[in-house]
Number of protein chains: 2
Amino acid sequence: MVAVRRVGAKAGLSREQVFDAALDFVDAHGLPALSMRKLGAALGVEAMTLYNYVPNKDALLDGLVDRVMETAFADLDSPGASWVPWLRSFAHALRQALLAHPGVLPLAGTRPVNSPDALRMSERWLAGMRAGGVPLGRAMDVVNVVATFTIGHTLAEAGRTPGHEGTEPNLDDRADELDPAEFPNLTEVIATRAGLDFDSRFTEAIDILLAGYAALP
Amino acid sequence: MVAVRRVGAKAGLSREQVFDAALDFVDAHGLPALSMRKLGAALGVEAMTLYNYVPNKDALLDGLVDRVMETAFADLDSPGASWVPWLRSFAHALRQALLAHPGVLPLAGTRPVNSPDALRMSERWLAGMRAGGVPLGRAMDVVNVVATFTIGHTLAEAGRTPGHEGTEPNLDDRADELDPAEFPNLTEVIATRAGLDFDSRFTEAIDILLAGYAALP
DNA sequence: GCTCCATTCTTACGGCGTAAGTTTCTGCTA
DNA sequence: TAGCAGAAACTTACGCCGTAAGAATGGAGC
């Protein structure tokens, strides 16, 4: 319920509430549907009012990415000596955080995360991994590889562009049109679902990566 | 030079030319700047004329992704028995194709590629890898892992959102603001550039992945 | 010369981000 | 208690956007 309020009266908004509402809106209606006017309406406020809390729409989107990224780190402690299980946890936590807000996923790939919180986080795991015996450059590499793979793989998993649901047929939807004579292998993939399990594929790839980096001299 | 032409006269356009112009435009001005009006102007035509060649803007964007993806496969033959070097070539070719058109990169992550050409391509490498002794599901997994990692990593490499150049500071730009006392490790990263070489990081990660998959029972 | 049709242009609608200016309320000071 | 300063919200307006609908134009076949 939106409270009735007269011009000039405080709506009692806060930066936090604006981001919360934006995340809810994107989760509910998809990223393309998010506009300042509609977000304002969802908060019972005119569009321009939002500019008291956010300099422009881009900053709002950046904030959404930050917010989702933070939840991935929320329950993680420092890597310490055993950086392999720590990175494994990080990868799976990041994937879960992204899947929980698929609307924000396309932004996660394109927007650099440089908020003060993110920098503090980076500093923390860099220190932890060095303490665990990983050279600085190696630590940067392995964490970035894990993060970028997780984002790329989860982008593909979330599939069609959020907000475009139903407009872009994916492979499954086209199973019928696929001529088994021309595409015997693809037909078999769809029939047996071999190689279509994102969950186990992700787990396997992360383990391969971590084992490979752990084995480097 | 745009030829002078009267209303109703054919502009002699083709679907190909529209996509070519769109790709040029995005490369030159960034994805956010692409609009039907401006693309029309670049072709010496009104916006609505483009709808004779493309059903809507979304289809135009899908076509751009297809086009870039195809160039990654263009010089690749079938995997055959030695699928590891083939996949390595594929990964590097894909990365180069994406880096050549960074404006299209954000789309590559979000738009499923299901054009007939893409399906034929998939069928081809699936057949090749099976002939090389890779089980069907395994082939799907390793190719998808390589592709999604490549997209994720290249997204990060291309960095700031194309079209937003200069509006989003990245880590390097903030080197000055970084307090060495609070962020000793990040400061060292920037100073020594340890772990900031995308090229060698990508090569290393791909090799780790391929070696790992090759070693699976 | 005339008709038909493909191609292009024109006009229009509703929505977008946001700059600029206006109105209203709250809380402090006198 | 009166007055006022500042904060917060609203209103208006501008130039964009994607695209639906329809009018205008040119060339091809008779």
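Residue numbering restarts at 1 for every chain, and letters A, B, ... go by the order of the sequence lines. What you see below is based on every heavy atom in this structure, not just the backbone, and it leaves out hydrogens, waters and symmetry mates.
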[X] [atom1] to [N] [atom2]: how many Å, rounded?
{"X": "A:Leu61", "N": "C:dG17", "atom1": "CG", "atom2": "C1'", "result": "12 Å"}
{"X": "A:Met36", "N": "D:dC10", "atom1": "CE", "atom2": "P", "result": "13 Å"}
{"X": "A:Leu34", "N": "C:dC16", "atom1": "CG", "atom2": "P", "result": "10 Å"}
{"X": "A:Asn56", "N": "D:dC16", "atom1": "CG", "atom2": "P", "result": "19 Å"}
{"X": "A:Lys38", "N": "C:dT18", "atom1": "NZ", "atom2": "C1'", "result": "17 Å"}
{"X": "A:Leu50", "N": "D:dA9", "atom1": "CG", "atom2": "C1'", "result": "11 Å"}
{"X": "A:Leu60", "N": "C:dC16", "atom1": "CG", "atom2": "C1'", "result": "15 Å"}
{"X": "B:Leu39", "N": "D:dT19", "atom1": "CG", "atom2": "P", "result": "13 Å"}

Among D:dC17, C:dT7, D:dC10, find the nucleotide with the atom closest to the side chain of A:Glu46. D:dC10
Output the single nucleotide from D:dT19, D:dC10, C:dC9 whose closest atom is nearest the side chain of B:Val45. C:dC9
Between the base of C:dG15 and the side chain of A:Arg37, is there any donor-acceptor pair under 3.5 Å? no
Does A:Asn52 put a side-chain nitrogen or oxygen below 4.0 Å from OP1 or OP2 of D:dA9? yes
So, is A:Thr49 near the phosphate of D:dC10, with a side-chain N or O under 4.0 Å from OP1 or OP2? yes
Side chain to side chain contact (heavy atoms under 4.5 Å, CB included) assessment of B:Phe73 paired with B:Glu70: CA-CA 5 Å; B:Phe73 282 102; B:Glu70 276 166 23; 5.9 Å; no
Exercise answer: donor-acceptor pairs, residues 20-28 of chain A side-chain atoms, under 3.5 Å, sequence neighbours excluded:
unit_1, atom_1, unit_2, atom_2, d
A:Asp20, OD1, A:Arg67, NH1, 2.3
A:Asp27, OD1, A:His101, ND1, 3.2
A:Asp27, OD2, A:His101, ND1, 2.7

Could you tell me whether A:Asp141 and A:Arg138 have a side-chain N and a carboxylate O separated by less than 4.0 Å? no
Do B:Leu64 and B:Arg111 have side chains that get closer than 4.5 Å, going by heavy atoms? no
Using 30° and 60° as the class limits, which term best fits the ring planes of A:His92 and A:Phe202: parallel, tilted or perpendicular? perpendicular
N/O donor-acceptor pair under 3.5 Å between B:Arg88 side chain and B:Ile206 backbone: no
Quick one: does any side-chain atom of A:Thr154 pair with a main-chain N or O of A:Glu157 as donor and acceptor, under 3.5 Å? no
Every protein N/O within reach of nucleotides 19-21 of chain C N/O, cut-off under 3.5 Å:
none

